[in-house]
Participant: 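Got a structure for you, written out below as C-alpha cells; questions coming shortly.
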Amino acid sequence: MFFQELPTMSLLPLLNDRFAAALAAVGAPNAQPLVQQAGRPEFGDYQMNGVMGAAKALKLNPREMAQKVIDAVDLAGIAASLEIAGPGFINIKLADSFLAQRVETALGDAQLGVDALPRQKVMVEYSSVNLAKEMHIGHLRGGIIGDALARIQGFVGQEVVRQNHVGDWGTQFGMLVAYMVETSKTGNASLELGDLDSFYKKSKVRFDEDPAFADTARDYVVKLQGGDAEVLALWKQFVAISLTHCNAIYQKLGLLLNDDDVRGESFYNDDLPVLVNELREKGLLTESDGAQVVFLDEFKNKEGDPAAFIVQKQGGGYLYATTDLGAIRFRTRELKLDRCLYVVDSRQALHFQQLFTTARKAGFLAADAQFEHIGHGTIMGPDGKPLKTRSGDTVKLGDLLDEAVERAFALVSSKNPDQDEATRREIARAVGIGALKYADLSKNRNTDYIFDWDAMLSFEGNTAPYLQYAYTRVQSIFRKVGDWDRRGALLLSEPAEHALALELARFADVVHQVARDSMPHFLCAYLYNLATAFSRFYEACPVLQDGVANTSRLKLCELSGQTLARGLNLLGIEVLETM
RNA sequence: GCGCCCGUAGCUCAACCGGAUAGAGCAACGGCCUUCUAAGCCGUAGGUUACAGGUUCGAUUCCUGUCGGGCGCGCCA
C-alpha cells in the first residue's frame, strides 16, 4: 500500500478506464462507463451511469449488473466506497488518501497535474478587426474568448498560432487614403488620425458630398490593387496607425495579441485569382448573374434550390468568402495547421458552414482537419437590445475599458480608503478588467448576454473579484506563516478538506474539456466552485492555531492558490496579493 | 418565403454523450466577526424547464407541431 503505484492520468479518464474494464469483465465490452461528477453531495464524488444502458442491451437486471461491476472494478487505493443507488447508478466516494496523493503530485508539478494533450498545431483566429474603424464593443467578446482559448491551448501543450485576421483591404481604404492626402495638405492628417471614427466619418462625408473626391477615392482603390507604390505607402501608413490604436486596446485589456499575430486580408490578394481558377478547374463554379458562385447542395432549401456561395462578384471583384478560402489554403498548405478555431460572431455561422464545405470540396481541407467556427453571441443592454451608449452610438472599446477601471476604483476606494492611491489604482485595474472579462467568459458563449456593471462588479457571487479575493486570502495566510516545513504528510479528515481536495483534483479534467470544446464558461464554473470550496474550508478549518501552522492545510492552501492563479491566468485575468 | 439559434426561479445565468429530488448568484428574509482579509460563511423561501404530443427504464436535453423572441439568407465583412 505504501508504495503502490497510482496512475497519473486525470480523474475522469482514470475512472472511465477502470469501469470500462469492469464492464468488459462482466460481458459488456462495448458499453460506455459514463462516469461523471455526482449530481448531489449525498451521492458521493462521482457517479457511474453506464450500467443501466448496458443492462438494457443485455436484458439483465441493472441493479444486479451494477453489483457485478462493483465486484469486478479495480479501484484499490482510489475509491473509498462504491454503492448502488436508484435504478442502477454506482456512486463513487474517492479515498482521502488518493485525493491527498493527487494534491501532493500537483504541487510538485509546474503544470499542476494537467497532462499535455497529443500535440497539434492550433491556430486561434480572433479579434480580426476592420482597420478602417475604431474598435467597439462588438470586438470585446471575440477578443476575450479567443485570448482565453489561445492561452488554454498553449497550457495543454499545443503549438499555438494566434491570428488577427484584420480587415485591411477593400473599397473603403481608397476613400481613407484619399482623405489622408487631403488632410495632409492642411497639415492635419496625423492629428485627425488620432480619432479613427471621426476620420472615417469625415472621409465618408467628403465621399458623399464631393464627386471629385469620390472619383479620387475610386482611383486610389484601383491604384492600390494595381500596386501603385505611392498609394500603397499611404495605405501602409494608415494600417500602421490603425494597428497602434488596436495595440493600445489589447494592452489595456491584457490580450496577448501583438503585431506578430497580424496577417491581414490583403495578404491573400495575389492568391485569389489563382484560387478561383482552381475552383473552376474542379468544376465547382457556376456563373450566375455575372458572378462566380459555388452552389452547395448541402444547403438546399425545401424547394430544392441550393444556396449560393459567391466567390467573385460581377465585374471581377473578390469577397471575404474568397479571402477566407485563400486563408484556409494558406493555413493548411503553408502553416500545416491541424486545427483552427475561428472565434467569430455566431451570426456568421452560415458563412462558415459554406466556407468549410466549399473548402472540403475543393480539397483545401483534409478530412481530418479540425477547422471550427467558435461562435459567440452579442452583448446586450438592459433593454435586451445590442448595447449602445445613452445617445444611441456604438460603445467604443477604449471608453468601456476606462469605465470598468474607474468603477472598480470607486469601489476599491470605498472598501479600502486607507490604501494609497497608486495601490488602489493598480487593484482597480486588475479588478475592473478582470470583472469585465469574467462576466463574459462565465456565460455560455453561444448565446447573447445582458451587460450589467453592477452585477460584474458587485464583488459577490460568481464574479472575478470573488475569485481574486479568494486568492488574496490564500496569500494572506502565507504572509503570516513565513517559512514553513513541507515535509509532513498531507492528511484529509474534515469534510471541507475532502471537498476542497476533490475540486483541486478536477482541474486537469476541466482544462482538457475546455481545450476540446472551446467553452471557457466551464473553466469559470470550476474556478467558482473551487473558490467556494476554499472559502468553506477557510471558515471551517483554521490553518493557524495558537501560532502553529497545520502543514496539511497549508498544502491545500498552496495548491488552491496556485490553481486559482493559473485558472484565472488561463482566462487572461490577473490575481492580486492584496485587495 | 426558407434556414439557424433561443425560450429554465422576480432578475442574471448553469445543467458536461439523455440520468436520480433542475442548480448557482443577485434581490427578499434569518443567523455568524475578540481568532488566518466579513469583498466571507451558514440557513429559509422561490420552478408545470413557453405550450401540446411522441420516443425512452429515465427528457431542460432527442423527434414532431404550435406560440413567442433574435439572427441570417448571390455580389459588405
Side-chain angles (χ1 to χ4, degrees), chain A residues 12 32 34 36-40 43 47 49 52-53 55-56 62 85-89 91 128 130 167 169-172 265 288-293 295 299-303 305 307-315 317-321 323-324 344-351 353 375 377-378 380 384-385 411-412 415-416 431 439 442-444 446-450 452 454-456 458-463 465-466 468-470 472-481 509-510 513 517 519 521-522 524-525 528-529 532 535-536 538-540 542-546 549 553 557 578-579:
Chain A
L12 275 176
Q32 295 292 311
L34 299 178
Q36 62 177 217
Q37 256 194 290
R40 304 167 150 272
F43 296 156
Q47 61 184 59
N49 301 335
M52 279 136 357
K56 179 96 179 160
F89 296 99
N91 290 337
S128 302
N130 176 358
W169 204 245
T171 51
Q172 53 201 334
E265 294 178 331
S288 175
D289 295 332
Q292 298 297 320
V293 309
F295 281 117
F299 302 98
K300 251 192 296 211
N301 63 22
K302 278 180 183 168
E303 280 80 59
D305 304 324
F309 192 55
I310 301 181
V311 297
Q312 192 170 20
K313 307 194 264 195
Q314 53 176 256
Y318 301 105
L319 305 94
Y320 76 131
T323 309
D324 280 351
V344 180
D345 194 305
S346 295
R347 285 174 288 197
Q348 294 194 35
L350 179 60
H351 166 71
Q353 284 182 29
T378 305
M380 301 301 202
K385 292 176 182 166
L411 287 163
V412 170
K415 194 74 193 171
N416 300 310
V431 167
S442 60
K443 275 138 198 135
N444 187 321
N446 285 316
T447 47
D448 300 340
Y449 76 89
I450 293 178
D452 184 344
D454 293 333
M456 73 178 78
S458 77
F459 298 176
E460 286 169 2
N462 189 8
T463 63
Y466 175 83
Q468 289 168 320
Y469 175 67
T472 65
R473 289 175 119 186
V474 175
Q475 297 313 101
S476 176
I477 288 173
F478 285 106
R479 273 196 300 278
K480 281 241 159 47
V481 169
D509 283 335
V510 173
Q513 182 189 1
D517 303 342
M519 296 293 253
H521 78 288
F522 283 113
C524 295
Y528 180 61
N529 284 335
T532 302
S535 292
R536 287 176 178 157
Y538 182 91
E539 302 277 340
V543 179
L544 309 172
Q545 270 179 314
D546 305 322
R553 291 177 179 173
C557 288
T578 58
M579 277 174 78

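Worth saying up front: this structure is predicted, and the values here are computed from it rather than measured. Values reported hereafter were calculated over all heavy atoms of this structure, with side chains retained and with hydrogens, waters and symmetry mates removed. Per chain, numbering begins at 1; letters A, B, ... match sequence-line order.
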Participant: Below 30° counts as parallel, above 60° as perpendicular, anything between as tilted: where do the rings of A/Y320 and A/H351 land?
Facilitator: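 The rings of A/Y320 and A/H351 lie parallel, inter-plane angle below 30°.
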
Participant: Could you say whether the aromatic ring of A/Y469 and the base of B/rG40 stack, counting only centre distances under 5.5 Å and plane angles under 30°?
Facilitator: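 No, A/Y469 does not stack on the base of B/rG40, since the centre distance and plane angle fail the 5.5 Å and 30° test.
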
Participant: Give a yes/no on whether any side-chain N or O of A/R40 is located under 4.0 angstrom from OP1 or OP2 of B/rG23.
Facilitator: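 Yes, within the criterion.
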
Participant: Do we see A/F89 stacking on the base of B/rA20, given a limit of 5.5 Å between centres and 30° between planes?
Facilitator: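 Whether judged by distance or by angle, A/F89 passes, so it stacks on the base of B/rA20.
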
Participant: Please list, for nucleotides 42-48 of chain B, all pairs of protein and nucleotide N/O atoms separated by less than 3.5 Å.
Facilitator:
{"residue": "B/rC42", "atom": "OP1", "partner": "A/R536", "partner atom": "NE", "Å": "2.3"}
{"residue": "B/rC42", "atom": "OP1", "partner": "A/R536", "partner atom": "NH2", "Å": "3.3"}

Participant: In terms of base orientation, is B/rC32 syn or anti, with the syn window spanning 90° either side of 0?
Facilitator: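 Judged by the O4'-C1' to base torsion, B/rC32 sits in anti, the angle falling more than 90° away from 0.
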
Participant: Syn or anti for B/rC42, given that syn means the glycosidic angle lies within 90° of 0?
Facilitator: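 Judged by the O4'-C1' to base torsion, B/rC42 sits in anti, the angle falling more than 90° away from 0.
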
Participant: State whether the distance check finds a donor on one side and an acceptor on the other, under 3.5 Å, for side chain A/E460 versus base B/rC26.
Facilitator: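 Side chain to base: no pair present.
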
Participant: Given the side-chain rings of A/Y528 and A/Y466, with only the six-membered ring counted for Trp, is the space between their centroids under 6.0 Å?
Facilitator: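 Yes - the distance between ring centres of A/Y528 and A/Y466 falls below the 6.0 Å cut-off.
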
Participant: Would you state whether a donor and an acceptor, one from the side chain of A/D324 and one from the base of B/rA77, lie under 3.5 Å apart?
Facilitator: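 Per atom types, no contact qualifies.
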
Participant: Dot-bracket notation for RNA chain B is requested: 5' to 3', Watson-Crick or G-U wobble pairs only, both distances under 3.5 Å, with ( ), [ ], | and . as defined.
Facilitator: (((((((..((((.....[...)))).(((((.......))))).....(((((..]....))))))))))))....

Participant: Going by heavy atoms in the side chains, are A/R479 and A/T578 under 4.5 Å from each other?
Facilitator: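 Yes. Closest side-chain heavy atoms under 4.5 Å.
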
Participant: Can you see if the side chain of A/K385 gets near the phosphate of B/rG69 - specifically, an N or O under 4.0 Å from OP1 or OP2?
Facilitator: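 Checking A/K385 against B/rG69: no side-chain N or O falls below 4.0 Å of OP1 or OP2.
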
